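Shown next, in structure tokens, is the structure this report addresses.
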Amino acid sequence: MSAHEPTTQTISLTDARQTFSSLVNRVFRRETRVVIEKNSLPVAALVSAEDLERLQRYDADRDKRFRILDDIQDAF
């Protein structure tokens, strides 16, 4: 893992299509994360596989914590 966090770049869908290979390489090297916009609205993100795994672990942990809170609430 690199010593710095990747920057976040916002790009239009049209530009993302034209530079997709370059974007993927930069994301893989953890230089950037990319927010893709369509009509000025964020619609997708291009992140490294490592970032995605971290997000999935975060979601699973969050779900587990909410289940615990639901169990406590049900007990009362």
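Source: prediction; values computed, not measured.
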Return the set of residues passing side chain to side chain donor-acceptor pair (under 3.5 Å) with R65 (not counting sequence neighbours), or none when no residue passes.
-> D61

Residues two or more places apart in sequence or in another chain: which of them pass side chain to side chain donor-acceptor pair (under 3.5 Å) with E37?
-> none

Within one Ile-Leu-Val-Met-Phe-Trp-Tyr cluster: I11 and L46, side-chain cutoff 4.5 Å | yes

Quick one: pull up CG in L55 and CG in D51 and give me the separation to the nearest 0.5 Å.
-> 8.5 Å

Contact check, side chains of P6 and R33, non-hydrogen atoms, under 4.5 Å = yes

Who passes side chain to side chain donor-acceptor pair (under 3.5 Å) against D15, sequence neighbours left out?
-> S12

Could you list the residues that satisfy side chain to side chain donor-acceptor pair (under 3.5 Å) with E53, not counting sequence neighbours?
-> none

What are the two closest heavy atoms between L52 and V47, and how far apart are they?
-> N-CG2, 4.2 Å

Enumerate donor-acceptor pairs with a distance under 3.5 Å from any side-chain N or O in residues 20-27 to protein atoms, sequence neighbours excluded.
unit_1: N25; atom_1: ND2; unit_2: S21; atom_2: O; d: 3.4
unit_1: R26; atom_1: NH1; unit_2: Q9; atom_2: OE1; d: 2.9

For the atom pair CZ (R30) and OG1 (T32), what is the distance rounded to the nearest 0.5 Å?
-> 11.0 Å

V43 vs L13 side-chain heavy atoms within contact, under 4.5 Å | no

